[in-house]
Amino acid sequence: MATTRPPRAADAHAIADVVRHLGRGGIAVVPTETVYGLAADAASPEAVARVFRAKGRPAANPLIVHVTGQEMAALYAEIPPLAARLMTRFWPGPLTLVLPKRADAPLADAVTAGLATVALRAPDHPVMQAVIAGLGRGVAAPSANVSGRLSPTRAEHVHALDVPLVLDAGPCRLGVESSVLKVDRGRLLLLRPGSLDSATLAEAAGVAVEAPGNAAAAPEAPGMAFRHYAPRLPLDLDVTEPAPGRFLLGFGAIEGDFNLSPAGDVTEAAATLFDALHRAEASGKARIGVAPIPDRGVGAAIRDRLARAAAAAGGTP
Ligand code: AMP
Ligand code: MG
């Protein structure tokens, strides 16, 4: 059984407790602007093993290392000019860069699952920033959910994990995970759509952003080969009519049981998406339906998450 303690308000005292706990090889749940993360000292093999164990995460799925910024990132990866440009523009923020790992990177091997690359992100959240700065080195932090299930965007969503410390800083501002972009000899490959859309990334980089097809992406983005974001109920996409027994997530004029954004704003829908799916799971209904979400901006990442949820839990994609 999970023995997660009740969340603690993320004040300076609680943050200091988390930093001490991580320094001793422990794990803790820490808010970021995207989703809540399950944090561990990325240099500690024992701590990183605890993360994989607590989540039931496959060992072949590497973790993102969270850093305060570009200077700390340089301890772990080679940073080509194109990557430096993206860091300057989007860090701190919801952009994870997959870069060539330095041979002397002080990381537990399991963090990168044996790859020659490492995924790095500087989060834009004062609590996570304080935790990384307090520890003084990179923090490995995947989403704080059981592997394959819904991501947590509120501290109360983190109930199925065995974690001694959970910091609560309210709902996450962005609500979907970071965009994962691989920088590969002047090319940019979007391994996971996320908060930052590819048009914005391409414009800032001055380079096209390629989206590898699913099959081709498997070796590039090990994580995307696994089951993801599955609610406990079958999920139907592009639903426009209410039906008995189905919890409908609305959007814009389609009201539903819970409207992701009455104004039809994809950014607002991203921020409410996982909370709405958690509510749908708890509703007692037999299925979940979701109104059509436009493909513009972060809508592409929302549609990606929903398509994966429908595929993993059954339903109509
Ligand atoms: P999360 O569990 O939400 O933190 O997801 C992290 C994502 O980043 C997963 O899809 C991982 O597979 C991906 N990732 C982490 N490290 C690497 C890497 N070195 N190369 C490619 N993808 C990575
Ligand atoms: Mg995750």
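Only a predicted model underlies this, so the values are computations on that prediction, with no experimental measurement involved.
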Is the closest side-chain heavy-atom distance between Ile254 and Pro292 below 4.5 Å? yes
Is the CD atom of Glu203 crowded by more than 12 outside heavy atoms at less than 6.0 Å? no
From OG (Ser178) to CG (Asp124), nearest 0.5 Å: 12.5 Å
With rounding to the nearest 0.5 Å, note down the distance linking CG in Leu249 to CG in Leu273. 7.5 Å
Working to the nearest 0.5 Å, report the span between OG1 of Thr96 and CG of Leu86. 12.0 Å
Tell me the closest heavy-atom pair linking Val35 and Pro152, and the distance in Å. CB-O, 3.3 Å
Between Asp236 and Val239 the two heavy atoms that sit nearest each other are O-CG2, 3.6 Å
Any idea which heavy atoms bring Ala269 and Phe251 closest together, and the distance? CB-CE1, 3.8 Å
Grouping I, L, V, M, F, W and Y whenever their side-chain heavy atoms are under 4.5 Å apart, do Val176 and Ile64 come out in a common cluster? no
Taking C-beta and beyond as the side chain, do Leu107 and Lys101 meet within less than 4.5 Å on heavy atoms? yes
Quick one about Ser151 and Glu177 (side-chain donor to acceptor, distance below 3.5 Å, no hydrogens or angles considered), yes or no? yes
Parallel, tilted or perpendicular, judged at 30° and 60°: which one describes the rings of His157 and His278? parallel
Got Arg149 and Arg232 here, is their nearest side-chain heavy-atom distance under 4.5 Å? yes
Reported CZ-to-CG distance for the pair Phe52 and Leu38, which is rounded to 0.5 angstrom: 10.5 Å
With the 4.5 Å side-chain cut-off for hydrophobic clustering, are Val166 and Leu135 part of the same group? yes
Would you say Gln129 and Pro123 make side-chain contact, with heavy atoms under 4.5 Å? yes
Heavy atoms of Ser179 and Leu190 approach each other most closely as CB-CD1, 4.2 Å
Determine whether Leu181 and Leu196 satisfy the following criterion, side chain to side chain contact (heavy atoms under 4.5 Å, CB included), listing intermediate values before the conclusion. CA-CA 10 Å; Leu181 192 64; Leu196 280 166; over 6 Å; no
Closest non-hydrogen atom pair between Ala133 and Thr68, with its separation: N-CG2, 3.9 Å
Asp109 atom CG, neighbour heavy-atom count above 12 within 6.0 Å: no
Donor-acceptor check, side chain of Arg137 to backbone of Asp41, threshold 3.5 angstrom: yes or no? no
In sequence, state the C-alpha distance, the side-chain angles, and the governing distance for Arg57 and Val51, and then conclude on side chain to side chain contact (heavy atoms under 4.5 Å, CB included). CA-CA 8 Å; Arg57 186 174 174 107; Val51 168; 5.6 Å; no
Once you round to the nearest 0.5 Å, how far does CZ of Arg173 lie from OG1 of Thr32? 9.5 Å
Step-by-step side chain to side chain contact (heavy atoms under 4.5 Å, CB included) determination, Thr117 to Leu99: CA-CA 5 Å; Thr117 52; Leu99 297 167; over 6 Å; no
Using modelled atom types and a 3.5 Å cut-off, is there a donor and acceptor pairing between side-chain atoms of Asp197 and backbone atoms of Thr200? yes
Is there a path of hydrophobic side-chain contacts, each under 4.5 Å between heavy atoms, that joins Phe90 and Tyr76? yes
Treat each ILVMFWY residue as a node, draw an edge where side-chain heavy atoms are under 4.5 Å apart, and state whether Val18 and Val65 are in one component. yes
State whether the side chain of His66 and the backbone N or O of Val139 hold a donor-acceptor pair below 3.5 Å, judged by distance alone. yes
Nearest atoms (heavy-atom pairs only) where Ile15 meets Ala10: CD1-O, 3.8 Å
Please tell me whether Leu150 and Val298 are part of a single hydrophobic cluster in this structure, the criterion being side-chain heavy atoms less than 4.5 Å apart. yes
Could you tell me whether the side chain of Leu165 reaches within less than 4.5 Å of the side chain of Arg8, counting heavy atoms only? yes
So OG1 of Thr34 and CG of Leu95: to nearest 0.5 Å the spacing works out to 11.5 Å
Go through it in stages, so that I can follow the logic: the residues are Asp162 and Arg50, the test is salt bridge (Lys or Arg N to Asp or Glu O under 4.0 Å), and I'd like the CA-CA distance, side-chain angles, deciding distance and then a yes or no. CA-CA 10 Å; Asp162 187 4; Arg50 283 193 180 97; over 6 Å; no
Do Val67 and Met87 come close enough that some side-chain heavy atom pair is under 4.5 Å? no
pair Leu167-Tyr36: side-chain heavy atoms closer than 4.5 Å: no
Residues Thr272, Phe258; criterion side chain to side chain contact (heavy atoms under 4.5 Å, CB included); working and verdict: CA-CA 10 Å; Thr272 50; Phe258 180 95; 4.3 Å; yes
Checking Arg246 side chain against Arg287 main chain: does a donor-acceptor pair fall under 3.5 Å? no
Beyond-backbone contact of Asn145 with Lys55, side-chain heavy atoms, under 4.5 angstrom: yes
